[in-house]
Amino acid sequence: MSLIQVDDLAKSYGKLVAVDGLSLRVEEGDIMGLIGPDGAGKSTTMKIIVGVLKPDRGCVRVFNEEPWDNPDVKSRIGIIHERAYFPSHHKVLDYLQRVCRIFGKPESRAREVLALTKLEDAYDRTIKTLSAAMLQKFAIAHACVNQPGLIIADEPTSNLDPESRSDLLDLILKLHHDENVTFLISSDIVPELNKVCDSVAIINQGKVWASGGLTELSERLGARTTRISTDNPEALGGLIRKLEYVSRVEVDSRGVSVGVLAGDDERLYEDVPRLAKEAKAKIVGIETGTASLEELFRVAVKYGQGGGRRWEKADRS
Amino acid sequence: MGKGRPFLEVFTCVLNEDYEFPILEFLVFLCALCTFFLAGLAAVSDFTSDFTTVEAFTHNLLSSSTWPLIILVGIPILKNIAYGLGSDVEKGIIQTLFSYPLKRGYILTAKLLSALVIPLLLFLGISIFGLFLFFPDIILANPGTVFLTYAAQLSPVLLTAGLLLLLALRLKRGVLALITGLVLCFMLFVIFDSLANSIAYATGSDWSLKIYAVITPNLALQEYYVGTQGFSSEIWAPSFSEVLLYLLAGYLLVAVVFIIGYVYFKRRLRI
């Protein structure tokens with residue numbers, strides 16, 4: 001069952017087209033990542049899904065209801081906004097207890113969610129005294145108060161230090177496994193989504209360019225990572241960077257990782273011996289695997305800004 | 001889940017945010033002090049003989065002893081609507097409030113109850129109580145005049161609040177809305193007042209005063225009961241039914257401004 005169904009969504013701000021014909025499905029029990037470059041339309045899409053922004057066109061259903069200004073939908077979802085702001089003069093525990101009452105939950109739930117987000121020490125602090133990272137944790141606790149079946153999180157890890165980020169990802173997995181919470185998460189920090197997401201939707205220029213499971217997407221879009229082991233990675237990497245069909249080159253002490261699209265990996269196999277000779281590098285091994293989410297994101301950004309013909313072709317498949 | 005509990009919780013939350021201790025307490029103290037001082041002053045200075053009717057005296061007593069209170073309660077109204085609402089939209093607190101299971105209209109109602117209705121109830125409660133203590137016979141004997149005078153005095157306050165609401169929603173910036181709101185108040189109650197009087201004086205016609213009376217119906221009521229100290233009494237002497245018409249027009253204008261604010265907030269406010 002799809003908890004979120006979005007069809008042909010469009011939203012413009014004056015002449016600026018933020019979302020243009022976007023379609024998306026989030027299935028129950030899924031953790032879906034929404035990735036794309038800045039200005040791709042992620043936040044606008046999320047605001048429409050949580051019902052705080054009205055679309056110009058298209059159909060949005062959340063729990064099979066239209067979300068715009070709909071209290072029934074709001075009572076069933078948890079929302080983490082990109083910029084979390086709360087009435088600042090309240091104390092942390094007092095405010096969450098009030099939120100519990102708003103959602104008709106017992107006040108004890110406030111302590112539970114503060115414990116979940118490791119904010120037990122901040123009970124008596126006023127919200128305005130919280131650090132940026134604590135405020136972000138508070139926003140996460142706030143989103144969990146109503147025991148939602150669906151949490152929609154726009155950049156939930158922004159402002160968090162690495163340890164807190166890791167805690168948050170663990171919390172997402174815990175809520176997913178223990179309470180079967182469905183997540184729709186957007187983040188620019190793609191490796192993090194890679195850790196928790198079952199599926200992703202890549203958004204660029206207001207459209208979903210591709211969506212699905214990570215392996216499936218990698219196959220469909222044909223993004224590949226070729227690993228070349230060599231004794232002279234710096235020189236070889238420098239020459240590979242000059243190849244126009246290569247999307248990414250990462251050099252480490254033992255070799256070079258090269259991002260390419262399917263089909264181009266064969267060209268790379270042909271070019272590598274010539275380039276190795278030129279770089280006076282000895283090739284120890286060469287193998288190609290499916291791309292990481294980060295790789296897919298990079299390719300989306302690269303082709304989204306220029307000729308995106310290959311991606312459109314891939315999306316249609 | 002009923003709407004009553006979430007609404008009350010959001011309202012108390014907004015109330016706590018608007019009147020952090022001891023703002024409200026200090027406001028009550030100042031209002032009470034002003035009322036008792038001015039009503040006491042009126043009680044000891046016997047100026048009943050200056051007026052031809054008891055209604056005129058009642059009207060003048062109410063007008064002269066409540067205007068400082070209107071300025072006092074105007075400060076939190078200006079701060080909470082222009083700066084408060086503007087900042088809430090600017091910072092994203094409204095976005096947080098929108099995540100609660102309430103329709104947008106209820107959120108705005110909670111904001112306006114806190115920002116507007118609470119100060120006005122304070123104003124009415126304290127001033128009526130204070131004047132009743134000093135002049136019980138006059139207040140009890142002239143309920144119609146008391147009602148009309150308060151209605152005429154509150155109309156421009158409500159109109160200003162409505163315009164501040166539109167400003168805050170449109171500008172979405174707290175400080176900018178506050179500054180623009182101050183300019184608006186100055187224009188409405190100083191510039192337009194002088195302009196209406198100057199035009200009437202220069203042209204000998206009462207139309208500018210009539211237009212201004214829609215914004216501030218107390219002008220028409222004042223003319224009707226006691227006449228103003230200046231020249232305008234010679235130019236304009238409204239009848240009682242005209243006064244009621246200006247009052248009605250004033251409140252219609254207020255209603256239109258608030259309806260626009262509500263519709264904008266509910267349907268078009270982008271956050």
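Note: hydrogens, waters and symmetry copies are ignored here, and every other heavy atom, side chains too, is used. Lettering follows sequence order; numbering is per chain, from 1. Small disclaimer: the values here were computed from a predicted structure and weren't measured.
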- Item | Proximal to chain A - members of residues 8-26 of chain B, heavy-atom separation under 4.5 Å | B/Glu9, B/Val10, B/Thr12, B/Cys13, B/Asn16, B/Glu17, B/Glu20
- Taken to the nearest 0.5 Å, the spacing of A/Phe86 CZ from B/Lys91 NZ works out to 14.0 Å
- What closest approach, in Å, do A/Asp69 and B/Lys103 show between heavy atoms, and which atom pair accounts for it? O-NZ, 3.2 Å
- Quick check: are there more than 12 heavy atoms from other residues, nucleotides or ligands sitting under 6.0 Å from OH of A/Tyr123? yes
- Message: Quick check on A/Lys118: does its NZ atom have over 12 non-hydrogen neighbours (other residues, nucleotides or ligands) under 6.0 Å away?
- Response: no
- Listed by chain and number, what are the ring pair (Phe, Tyr, Trp, His ring centres under 6.0 Å) partners of B/Phe36, not counting sequence neighbours? none
- Note on the structure: Pair count under 4.5 Å, heavy atoms only, with chain B: among A/Ala143, A/Gly51, A/Pro71, highest is A/Pro71
- chain B heavy atoms under 4.5 Å from A/Val73: which part of the residue, side chain, backbone, both or neither? neither
- Query: Within residues 162-185 of chain B, which positions have a heavy-atom distance to chain A below 4.5 Å?
  - Reply: none
- Note on the structure: Applying a strict 4.5 Å limit to non-hydrogen atoms, the region of B/Ile93 in contact with chain A is both
- Query: Does CD in A/Glu66 sit with more than 12 non-hydrogen atoms of other residues, nucleotides or ligands closer than 6.0 Å?
  - Reply: no
Indicate every side-chain donor-acceptor pair of residues 6-18 of chain A with a distance under 3.5 Å to a residue at least two apart or in another chain.
| from | atom 1 | to | atom 2 | distance (Å) |
| --- | --- | --- | --- | --- |
| A/Asp7 | OD1 | A/Arg25 | NH1 | 3.2 |
| A/Asp7 | OD1 | A/Arg25 | NH2 | 3.4 |
| A/Asp7 | OD2 | A/Arg25 | NH2 | 3.4 |
| A/Asp8 | OD1 | A/Arg57 | NH2 | 3.0 |
| A/Asp8 | OD2 | A/Arg57 | NE | 3.3 |
| A/Lys11 | NZ | A/Lys54 | O | 2.8 |
| A/Tyr13 | OH | A/Thr44 | OG1 | 3.1 |

- Atom pair CD1/CG of A/Ile102 and B/Leu97 - distance to nearest 0.5 Å: 8.0 Å
- Task: Mark yes when over 12 heavy atoms from residues, nucleotides or ligands other than A/Lys91 sit less than 6.0 Å from its NZ; otherwise mark no.
- Result: no
- Top of A/Lys47, A/Arg98, A/His142, A/His90 for chain B proximity - count of heavy-atom pairs under 4.5 angstrom: A/Arg98
- Given a strict heavy-atom distance threshold of 4.5 Å, which part of A/Val50 is in contact with chain B: side chain, backbone, both, or neither? neither
- Can you label the angle between the A/Phe103 ring and the B/Tyr100 ring as parallel, tilted or perpendicular, going by 30° and 60°? perpendicular
- Message: Does any backbone or side-chain atom of B/Arg268 lie under 4.5 Å from a heavy atom of chain A? Answer side chain, backbone, both or neither.
- Response: neither
- Message: Before you tell me yes or no, could you show the steps for A/His81 and B/Phe98 under side-chain contact (heavy atoms from CB on, under 4.5 Å), namely the whole-Å CA-CA distance, both residues' side-chain angles and the distance that decides it to 0.1 Å?
- Response: CA-CA 11 Å; A/His81 290 292; B/Phe98 281 172; over 6 Å; no
- Query: Is the number of heavy atoms from other residues, nucleotides or ligands within 6.0 Å of OH (A/Tyr95) greater than 12?
  - Reply: yes
- Message: Only pairs of heavy atoms separated by less than 4.5 Å count here; which of B/Ser99, B/Gly92, B/Gly105 has the most with chain A?
- Response: B/Ser99
